[in-house]
2 protein chains.
Amino acid sequence: MVDAPGTPIALHRLPEVLTAEPARLRALSHLRRFRREQDIYVQEERTDTWYRVVSGAACKYLMRTDGRRQLVDIYLPGDLFGFTARLLHRFAVQAVAEGTLIACYPRHRVEALAEEDAETALEIRIQIVEALERLQEQLLVTTTMTAQEKVREFLFYFHRRLSTGTGNGLALPISRYDIADILGISAETVCRAFTDLQERGVISLLGPRRIRINRR
Amino acid sequence: MVDAPGTPIALHRLPEVLTAEPARLRALSHLRRFRREQDIYVQEERTDTWYRVVSGAACKYLMRTDGRRQLVDIYLPGDLFGFTARLLHRFAVQAVAEGTLIACYPRHRVEALAEEDAETALEIRIQIVEALERLQEQLLVTTTMTAQEKVREFLFYFHRRLSTGTGNGLALPISRYDIADILGISAETVCRAFTDLQERGVISLLGPRRIRINRR
DNA sequence: CGCCCAATTGAACTGCATCAAGATTCGTGG
DNA sequence: CCACGAATCTTGATGCAGTTCAATTGGGCG
């Protein structure tokens with residue numbers, strides 16, 4: 001246990017993603033850094049905090065009775081998560097990338113702010129709706145596409161969300177197994193899809209965790 | 001075209017589902033009745049209205065390039081839908097039951113009300129979050145379960161949402177094809193699951209659209 | 001009563017999971 | 001800096017759940 005859960009981080013050097021949110025909302029947050037597979041919150045935990053990914057990636061998941069982990073959503077920099085209508089969390093969220101940085105907001109203070117500040121209320125509503133639409137897109141992907149189409153769609157999505165414009169390809173923050181769990185297919189099938197897509201010239205594998213997208 | 005799209009309905013005899021919402025929100029609504037497969041709103045339509053199912057059922061769907069209809073969510077009495085962060089709708093919503101009754105809310109007036117009335121803002125946030133959680137459950141169902149488990153889970157969900165306590169079984173408002181599209185399986189597989197579940201004694205088929213749930 | 005759509009059943013095919021065995025990469029400590 | 005071990009990633013072979021195509025039955029409504 002090198003890192004205690006959610007080590008607090010100094011607030012200087014604010015990453016760019018945080019500067020986009022309203023200052024009054026940002027003032028309520030504090031930052032924590034998480035290791036890979038470290039839980040940000042767990043099932044049955046009280047829903048008294050909201051979170052936003054600053055850097056890295058996190059995923060919402062459920063432990064199945066057979067011991068396997070089922071992913072329901074994946075959060076990338078800028079995404080707000082942790083809100084619910086319940087008292088206790090139905091799903092857990094853990095970091096999938098090493099050193100994932102998370103901004104934490106005390107729920108009651110955010111809701112109090114939303115009650116008096118319409119801009120904050122709108123920002124929250126937009127974030128929740130965006131989570132909803134991400135989920136709809138994912139549902140569309142997992143129910144209608146073949147395994148290869150799922151992987152292709154997933155890579156395009158990551159490219160849209162993460163491309164830095166540096167041109168040395170796209171760095172995937174997550175493993176094949178994570179990708180498989182998100183798409184509802186096996187890790188082996190993900191591998192085969194990667195190689196097939198490369199043979200078709202759609203992508204180039206620069207390394208296991210680094211790819212280039214050639215064409216859509 | 002017997003019925004023009006969204007025939008207005010008199011406001012007397014308000015169904016029970018509407019009495020639960022805040023009076024100030026209800027005051028903004030007007031009712032419309034829809035026929036089976038009639039669109040409530042379509043893709044690319046402006047997102048200037050929100051809706052709530054009063055009776056019957058509706059589904060959110062997308063027309064695929066191969067002409068097939070892909071369902072993303074299903075709305076039952078009490079569910080609020082139509083909100084988005086976009087200017088235009090990405091998905092369409094149509095009635096799946098004959099004579100589905102929908103309450104319509106002008107978006108700008110609801111948002112203006114939400115801005116000054118914290119209770120309304122909270123009600124909206126809760127509804128959106130509930131849509132989100134429905135979708136997460138559905139994602140879990142479609143990605144992890146076998147076809148027969150999906151159908152069983154679907155029937156139990158409908159039972160929870162629609163059971164009237166009359167005891168003559170559960171009336172399904174939608175066709176096998178609709179069920180298949182929601183669960184991401186073929187209609188034939190849905191049929192086979194129905195008969196298998198009956199043979200196992202889990203359900204009884206009283207008619208094509210009427211079942212009884214015997215045990216879980 | 002007869003038509004039409006919905007529901008059901010059957011048979012052959014296929015994409016993906018699963019099991020198994022290597023190949024690479026990465027982190028860790030010497 | 002290098003070497004070792006443990007993940008992670010890749011590739012192959014087999015089996016099966018579910019799709020697809022096709023035909024038949026059944027119900028509801030004019």
Side-chain angles (χ1 to χ4, degrees), chain A residues 1-3 35-37 57 64 66-70 96-99 141-155 169 171-199 203-211, chain B residues 2 35-37 64 66-70 96-99 141-155 169-199 203-211:
Chain A
M1 188 64 75
V2 178
D3 231 351
R35 315 206 55 181
R36 186 161 166 283
E37 296 205 344
R64 292 164 61 182
D66 61 4
R68 290 183 49 186
R69 188 187 53 160
Q70 175 60 44
V96 285
E98 188 63 38
V141 168
T142 54
T143 56
T144 67
M145 294 181 178
T146 65
Q148 191 172 130
E149 288 170 332
K150 287 180 190 180
V151 172
R152 182 166 50 76
E153 221 30 60
F154 174 84
L155 292 178
L172 296 176
I174 68 177
S175 74
R176 299 283 190 273
Y177 294 91
D178 292 328
I179 297 174
D181 287 347
I182 292 172
L183 299 176
I185 58 182
S186 71
E188 294 90 332
T189 303
V190 173
C191 278
R192 288 183 240 271
F194 267 84
T195 49
D196 287 352
L197 288 171
Q198 179 166 31
E199 282 171 7
I203 62 172
S204 300
L205 295 168
L206 310 179
R209 293 286 184 97
R210 182 166 290 277
I211 65 164
Chain B
V2 178
R35 316 206 55 182
R36 186 163 166 280
E37 296 204 347
R64 294 164 61 183
D66 60 5
R68 288 182 51 185
R69 186 188 55 159
Q70 175 59 45
V96 285
E98 190 62 38
V141 167
T142 53
T143 55
T144 67
M145 294 181 178
T146 67
Q148 192 172 128
E149 289 170 331
K150 287 180 190 181
V151 172
R152 182 166 48 77
E153 220 30 60
F154 174 84
L155 292 178
L170 173 66
L172 296 176
I174 68 178
S175 74
R176 300 284 190 274
Y177 294 92
D178 292 329
I179 298 174
D181 286 347
I182 290 172
L183 299 177
I185 57 182
S186 71
E188 293 90 334
T189 302
V190 174
C191 278
R192 288 183 239 271
F194 267 84
T195 49
D196 287 352
L197 288 171
Q198 179 167 30
E199 282 170 7
I203 62 171
S204 300
L205 294 169
L206 310 179
R209 292 288 183 98
R210 183 166 290 276
I211 65 163

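Note that the structure is predicted; figures quoted are calculated from it, not measured. Throughout, protein chains are lettered first and strands after them, A, B, ... in sequence-line order, and every chain is numbered starting at 1.
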Original post:
Between C:dC5 atom C1' and B:Arg176 atom CZ, what is the distance in whole Å?
Top reply: 14 Å
Original post:
Looking only at N and O atoms, is any donor in the side chain of A:Arg192 or the base of C:dT18 less than 3.5 Å from an acceptor on the other one?
Top reply: yes
Original post:
Can a donor-acceptor pair under 3.5 Å be found between the side-chain atoms of A:Gln148 and the base atoms of C:dC16?
Top reply: no
Original post:
Taking for each residue the nucleotide of DNA chain C with the nearest heavy atom, is it A:Ala147 or B:Thr195 whose nucleotide lies nearer the 5' end?
Top reply: B:Thr195
**OP:** Would you confirm whether B:Glu98, through its side chain, and B:Arg36, through its main-chain N or O, come within 3.5 Å as a donor-acceptor pair?
**Re:** yes
**OP:** Specify the separation, in whole Å, of atom CZ of A:Phe194 and atom P of D:dT11.
**Re:** 12 Å
**OP:** For B:Leu206 and D:dG26, give me the distance from atom CG to atom C1', rounded to whole Å.
**Re:** 16 Å
Subject >> Side-chain N,O (A:Arg209) to OP1/OP2 (D:dC9) below 4.0 Å >> reply: yes
Original post:
Looking across every strand, which nucleic acid part, if any, lies under 4.0 Å from B:Ser175 by heavy atom: base, sugar-phosphate, or nothing?
Top reply: sugar-phosphate
Original post:
Atom CE of B:Met145 and atom C1' of D:dG18: how far apart are they, to the nearest Å?
Top reply: 17 Å
**OP:** Report the distance from atom CD of B:Glu37 to atom P of C:dC5, rounded to the nearest whole Å.
**Re:** 12 Å
Original post:
In whole Å, what is the span from the CD atom of A:Glu188 to the P atom of C:dA20?
Top reply: 12 Å
**OP:** Determine, step by step, whether A:Ile185 and A:Val151 satisfy the side-chain contact (heavy atoms from CB on, under 4.5 Å) criterion, reporting the C-alpha distance in whole Å, the side-chain angles of both residues, the deciding distance to 0.1 Å, and the verdict.
**Re:** CA-CA 10 Å; A:Ile185 58 182; A:Val151 172; 4.2 Å; yes
Subject >> Below 4.0 Å: OP1/OP2 of C:dA6 and any side-chain N or O of B:Arg36 >> reply: yes
Original post:
NA contact type, A:Tyr177, heavy-atom cut-off 4.0 Å: base, sugar-phosphate, or nothing?
Top reply: base
**OP:** Identify the two heavy atoms, one from B:Ala147 and one from B:Thr189, that lie closest to each other, and give their separation to 0.1 Å.
**Re:** CB-CG2, 3.4 Å
Original post:
Over how many whole Å does the gap from A:Gln70 atom CD to C:dA17 atom P extend?
Top reply: 12 Å
Original post:
Closest approach of B:Ala180 and B:Ser186, non-hydrogen atoms and distance?
Top reply: CB-C, 3.6 Å
Original post:
Quick one: on DNA chain C, does A:Pro208 or B:Ala187 contact a more 5' nucleotide (nearest heavy atom)?
Top reply: B:Ala187
Original post:
A:Glu37 side chain to A:Val96 main-chain N or O, any donor-acceptor pair under 3.5 Å?
Top reply: no
**OP:** Using only side-chain N and O atoms of B:Thr189, determine if any of them is under 4.0 Å from OP1 or OP2 of D:dT19.
**Re:** yes
Original post:
Rounding to a whole Å, what distance do you find between A:Leu172:CG and C:dC26:P?
Top reply: 13 Å
